[in-house]
Every structure is written in C-alpha cells, then in structure tokens.
Amino acid sequence: MKYVLVTGGVVSGLGKGVTASSIGLLLKACGLRVTAIKIDPYLNTDAGTMSPMEHGEVFVLDDGGEVDLDLGNYERFMDIKLTRDNNITTGKIYQSVIDKERRGDYLGKTVQVVPHITDAIQDWIERVAHIPVDGKTGPADVCIIELGGTIGDIESMPFIQALGQFSYRVGAGNFCLVHVSLVPVLNVVGEQKTKPTQHSVRALRGQGLTPHILACRSTMVLDDNAKGKLSQFCLIPAENIVTLYDVPNIWHIPLLLRDQEAHEAIFKMLNLNGVAQEPNLGEWTCRAESSDLLHEPVRIALVGKYTCLSDSYLSVLKALVHASVDCQKKLVVDWIPASNLEDATAKENLDAYKAAWKLLKGADGVLVPGGFGDRGVQGKIIAAKYARENKIPFLGICLGMQIAVIEFARSVLGVHDANSTEFDPHTKSPYIIFLPEGSKTHMGGTMRLGSRRTYFQTKECKSAKLYGCKSFIDERHRHRYEVNPDLVARLENAGLSFTGKDETGQRMEIVELPNHPYFIGVQFHPEFKSRPGKPSPLFLGFIGAACGQLDAVIQYSSSVDNTIVSKGVVVGNDISAVKTFQTRSATKAAYRTEYVYGSCNGLHL
C-alpha cells in the first residue's frame, strides 16, 4: 500500500480537499486503484451535530456515516463509495482508546498521547486503507490522506506526530507528502510573496514531517523567481513545485496537476514509475472545457435556511452543476433566504422581501433543500405553493418534500393548521410526524441514516422513468421526521401521488403531482450520489424541466435498461440528439456502456 498525505499551511480554506480529490483522480486516470481518508482534528465523534453555518454541509455515506463535506469531493472526483471509518476525528480516536483502557487492553499501563493515541491513529489509517471502496475485491494501490486544519494548530499535533511515525512505519518509497500552501500576491506591488510558505514548511519540518511536493495556491501562475526561492529555502526540487492558480471551475485542478507532471513526482516518490501509465483524462478534459463554454442560462431559485454559506448546500450545488452541464446550460443559482419570502419580512425589511420575490418569480425552477428547525419554514411553504400554482418545476429534498406535503394539505385539502410535529409538537393536524424508531434524548447518529431502498409504486410516474423504469432504487437518507402514513390516503384522494415507498409500504419516499410539469419531493438526498458525467436522475429531470427538455431527458433515461445502453453526444442544446445502438463487449457477455466524445462542443450525457 502506498500513501499520499496532503497537508495545508498559512491559512485554512485553500482547497486541500479539492487538491486531495484531484490527486486521487489523477492517479486513478493512471490506472491505479485509489481510496481516501480525511482526518478532522476536532473532538466531535462525527459531523452529524455540527452547524452547517460553521463547517458546511454534513455529507452522508451509504453506511449512514455523517462525515465532513470533503468526503463528498472524494466520492465525486474518484467515483468511489467510502465508509464512516474513512473520516477520522479526534473524538473517534480518543473514544476507541478509552474503550480499550476500560476493557483492560493496556494491562495497567499509563495511557498517554504517545504512544497510545498515536498508535491508534496509525492502526486506524492502515486498517481503513485496505478496505476496498471501488466495488472491486482487494485493497487499493494508493491511499490519499488529507489532514484537516492548518499546520501549527494545537489540535492537529497528535496527528502530525502519528503521521511522522507512520512515514517510518510504511518505509521509504511508500509515503509521499504534498503540502498545500498560499503564495499571496500583494496588489500594491504585484509581487508573489513566498515567505508565508517558507515559514509553513519550516513549521512542518519542525514537527517531524518533510514535504516532497509543494502545491502553491495563488491567483496566478508561479513565476520562475518565486519557484526558485521556494525550492532553495524549502529544500524541494523545482520540478516538485506546482501552482494551483485560480481557474473557472474546480474540474480544471486535476488538469493543472497533470500538465505540471505532479503524477510523475508522486510516482518517483512511491516507486511507481514502472507500474502506472500516462493519465487518461480525455473525458474529464472535455467536460471541464465544455462547461466553460456554456452561456445559455438556467436560473434555479434555491430557497433555504443557510443560504449565506454556499457550502451548507455543497452537494446540492454540485448535483445542479452536473445536471446543467449535461443539459448544456449555464447554471445560475439565486440564493433566497426562506424567511425573506414571509409576510413578517415585508413589515421589517421591505427591500429584502421584494428582492426575494423578484428572484423567485424570475426562476426557471424552484429547489427547497433539507434542513432542521422552524426558522424559514413558512417561506419554504410559500415557495412550494408558488411553484405548484404557477407550474414552475419544483424539487423538494427531505424537509423540502415535507413542506410540500404540508402546503398541499393546507391549500388543497383546506386543513389550514396542517403542520409537522417538529415545528408544533401539539398540532392537531400532524401531517409530518417523528420517526417511531427515533431518539428524543440523543441527537448524534440517531436519525434514519444511510442507503435505504425505495420501491416505485408505478413505472408510469416521472421519477420512475428518470431512473430508467427500475422497480426500486437505493438512495441515502438523513431525517427524523416522515409523512404521517395515517393521512396518506386523504392526500392521494386529493391528487397527490406517493410514487415511492419503503419496503413496508408505510414510509413515504417520493411524492409527485401528476398534473404538474415537474413537481417532485423526495425524503432521501439524491445529491449525495450525483457524479460528474453521471448526474442524479432527479436533478437531471429537474434541470431538464427548467429548460424545456424534460421529455427528451425522460426518453433518454427510459431507453436504458440492464442490457442495452445508450451511446451518444449532445450536440449544441438539443439533449434529444442521442443515438442509441448496441455494442458487444469484448470481455463480457453483457452489453456495456461506451462513451464517445467527438469534440468538446458536444458533451456526453
């Protein structure tokens, strides 16, 4: 097993996660199998109870792990499925050591940070690195490890000590350290300043880790003078210093690394020169360059609670991008704080109220994502009502589905006090109720989490057609409340259709309005499984409906079954320009998918 450690210096938020993901993608394009581990030095056991306003979204894995959003980047870039153990936190490490101490595993010894905590960190990394995450048997070839935070942080010190020891444990030729650091450009003189990076590398060396590759974040390409200084003072060969300058979209980062031959430097450190091949990034390059050329906009109003920090809805945003690029549209997201749509805001801040409504009325589609708490709920209900009554494409996710049900009950059934017990525990019309198996005393890890199966009740509904007319799907969940099964019949009699349910038939998973161009709510989170080039079907349908291409999207999705697949290129803005034919696999009896990219003017679905 080979290991690539990615650390960061000078300031946080430099893009270590994207850099680690891009390195993983680059190595995978060279024919290597990859996995990834994220180390978060905070004391929380996981990200489940953290505010999205502070740390961004909570990403959910198949096994129900609530993890840092960087694991979402890993999955999207490397197209892998990680486990909860791929996210290490200080809380998890200390908990495991304390549990061992209570069992008597340390035989009465004094339990200390060194060696017990540091050994636990190393053992965890080595164990998890050997878990296959790409659907194949056997361990990966390379494990990418990202150390969260910045060099010098107090909480990171046990991990840095452990990783220093780990580099000796695995031996030379099996460990490569990539340090991501900032090279600022002062506007006054326009000169790239290398001192912050020099001090960062010195601090890293002082704690026992020696960087092999330097990835410099800057607004522009690193000039020869700056690169020479860094090479001289950081004791790193000039060919091992790469620039990660500002680019139009993050899909260009793997291409920057490739063009600067970062993979060659990694291969040299890991003794992989005779094993790995040249990177094949043709499909990725085409997608990155094509997305820069898109100019025809599709406007999506995202009505949420945490709109002041886009990372709170990072996977939703990425899923919208994946779908928009496949529809050859330039995504424009209008962030609308849900509470600004409410009448109370009209009295307190009329300008904010008018601005929110202007954005909502100018949108091609309305999306209401998940969330917790009652702030902004009335605004979300108003947005769902506007979309329903005005035939605007609507996608509700988790809480977004629940508020769509509440709005329908209030407006169509005339149950004006319809509500969720989350917002009014004593409501007389509980259309949304607490999960029977949920815990009301413990918050962490007690929701309905992870991959769960949804069975379509009919294959004639839009959602089933978008998923290729399958009988069931597996999607990731994160919720404490659900639609009240006792009131489903009343809702369906009024025209609301619950087209997806769990295996018991008692838990509502998908809701649709059949007589609406596109009005779908889902209890699960389809955004977590969306990938570049393989967008979530529901997001693809949503964007398709928003730009008038839904029929073509459904036609394409419905034409794919278990044995016959489609092959084609989207030309211009016509998603229906897809030719279907069969190709026999040379290695398998079943038919397979072949991707064709004639030029970067056309993008494969």
Side-chain angles (χ1 to χ4, degrees), residues 4 6-8 11-29 34 36 38 55-57 59 67-80 82 144 146 148 178-183 213 215-222 242-260 262-263 279 281-294 300 302 309-326 328-333 335 527-536 539 543 600 603:
V4 176
V6 179
T7 60
V11 294
S12 60
L14 285 177
K16 294 190 304 297
V18 174
T19 303
S21 303
S22 300
I23 291 172
L25 172 66
L26 185 59
L27 297 182
K28 187 174 181 179
V34 294
K38 172 68 188 297
H55 284 275
E57 74 169 6
F59 191 80
V67 296
D68 184 82
L69 59 81
D70 278 321
L71 275 80
N73 281 324
Y74 303 160
E75 287 204 344
R76 284 187 288 268
F77 271 62
M78 299 181 232
D79 195 19
I80 54 180
L82 301 172
I144 313 296
E146 179 193 347
V178 179
H179 187 58
V180 183
S181 188
L182 177 67
V183 178
I213 298 171
C216 300
R217 282 286 290 113
S218 187
T219 56
M220 61 184 71
V221 179
L222 210 62
V242 299
T243 313
L244 301 180
Y245 54 85
D246 294 347
V247 289
N249 67 74
I250 61 172
W251 291 347
H252 285 278
I253 301 300
L255 308 181
L256 287 183
L257 292 171
R258 177 202 61 188
D259 294 343
Q260 298 174 76
H263 57 291
L281 287 171
E283 180 183 331
W284 189 275
T285 302
C286 189
R287 185 180 302 114
E289 294 177 353
S290 294
S291 63
D292 294 340
L293 301 175
L294 301 177
I300 301 300
L302 195 151
L309 181 66
S310 62
D311 274 0
S312 299
Y313 303 110
L314 183 62
S315 290
V316 171
L317 187 59
K318 298 303 181 185
L320 288 170
V321 170
H322 301 160
S324 299
V325 170
D326 268 25
Q328 293 285 276
K329 300 293 181 182
K330 182 179 180 179
L331 176 67
V332 179
V333 176
W335 300 89
E527 68 271 22
F528 291 143
K529 294 178 74 171
S530 185
R531 303 284 185 268
K534 295 188 291 184
S536 162
F539 276 85
I543 294 296
C600 285
L603 188 66

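Because only heavy atoms are used, hydrogens play no part in the values below, and waters and symmetry mates are left out as well, while side chains stay in. For reference, positions follow the sequence shown, starting with 1.
Here Leu256 contributes atom CG and Trp251 contributes atom CH2; the two are 15.5 Å apart, rounded to the nearest 0.5 Å. The OG atom of Ser312 sits 11.0 Å away from atom CG of Leu317, with the distance rounded to the nearest 0.5 Å. The NE2 atom of His179 sits 9.0 Å away from atom CG of Leu14, with the distance rounded to the nearest 0.5 Å. Here OG1 of Thr243 is found 12.0 Å from CG of Asp259. Values are rounded to the nearest 0.5 Å. Rounding to the nearest 0.5 Å gives a distance of 15.5 Å between NZ of Lys329 and CG of Leu320. One finds the CG atom of Asn73 at 10.0 Å from the OG1 atom of Thr19 (value rounded to the nearest 0.5 Å).
Using a 4.5 Å heavy-atom threshold, the side chains of Asp311 and His55 count as separate. For the pair Leu82 and Tyr74, the minimum side-chain heavy-atom distance is below 4.5 Å. Under the 4.5 Å side-chain criterion, counting only non-hydrogen atoms from C-beta, Thr7 is not in contact with Lys16. In this structure, the side chains of Phe539 and His322 stay at 4.5 Å or more apart for every pair of heavy atoms. Side-chain atoms of Ser22 and Val18, non-hydrogen and from C-beta on, do get closer than 4.5 Å to each other. In this structure, the side chains of Lys318 and Glu527 stay at 4.5 Å or more apart for every pair of heavy atoms. You'll find the side chain of Leu255 stays beyond 4.5 Å of the side chain of Val247, heavy atoms only. The side-chain heavy atoms of Tyr313 and Val333, taken from C-beta on, include no pair separated by under 4.5 Å.
Of all the heavy atoms in Arg531 and Ile80, the pair that sits closest is NH2-O, 3.7 Å. The nearest pair of heavy atoms linking Leu309 to Gly56 is CD2-N, 4.2 Å. When all heavy atoms of Ala215 and Leu244 are compared, the closest pair comes out as CB-CD1, 3.9 Å. Listed here is the closest heavy atom pair of Leu26 and Pro279: CD1-CB, 3.8 Å. The two residues Gly533 and Asp326 come nearest to each other via the heavy atoms O-OD2, 4.2 Å. Across every non-hydrogen atom of Ala36 and Met78, the tightest pair is CB-CE, 3.9 Å.
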Set out, in order, the CA-CA distance, both residues' side-chain angles and the distance that settles side chain to side chain contact (heavy atoms under 4.5 Å, CB included) for Thr285 and Arg258, then state yes or no. CA-CA 11 Å; Thr285 302; Arg258 177 202 61 188; 3.5 Å; yes
Candidate pair Lys38 and Val67, rule side chain to side chain contact (heavy atoms under 4.5 Å, CB included), full reasoning: CA-CA 9 Å; Lys38 172 68 188 297; Val67 296; over 6 Å; no
Worked verdict on Leu257 versus His263 for side chain to side chain contact (heavy atoms under 4.5 Å, CB included): CA-CA 7 Å; Leu257 292 171; His263 57 291; over 6 Å; no
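Applying the ring-ring contact (aromatic ring centres under 6.0 Å, His included) test to His252 and every residue at least two apart in sequence or in another chain returns nothing.
Side-chain atoms of Ser291 never come within 3.5 Å of backbone atoms of Val325 as a donor-acceptor pair (strictly under, hydrogens ignored). Side-chain atoms of Ser536 do not come within 3.5 Å of backbone N or O of Ser530 as any donor-acceptor pair.
Classification of the Phe77-Trp284 ring pair by plane angle, with boundaries at 30° and 60°, yields tilted.
A salt bridge is absent between Glu75 and Lys529; no separation between the charged side-chain nitrogens and carboxylate oxygens falls under 4.0 Å.
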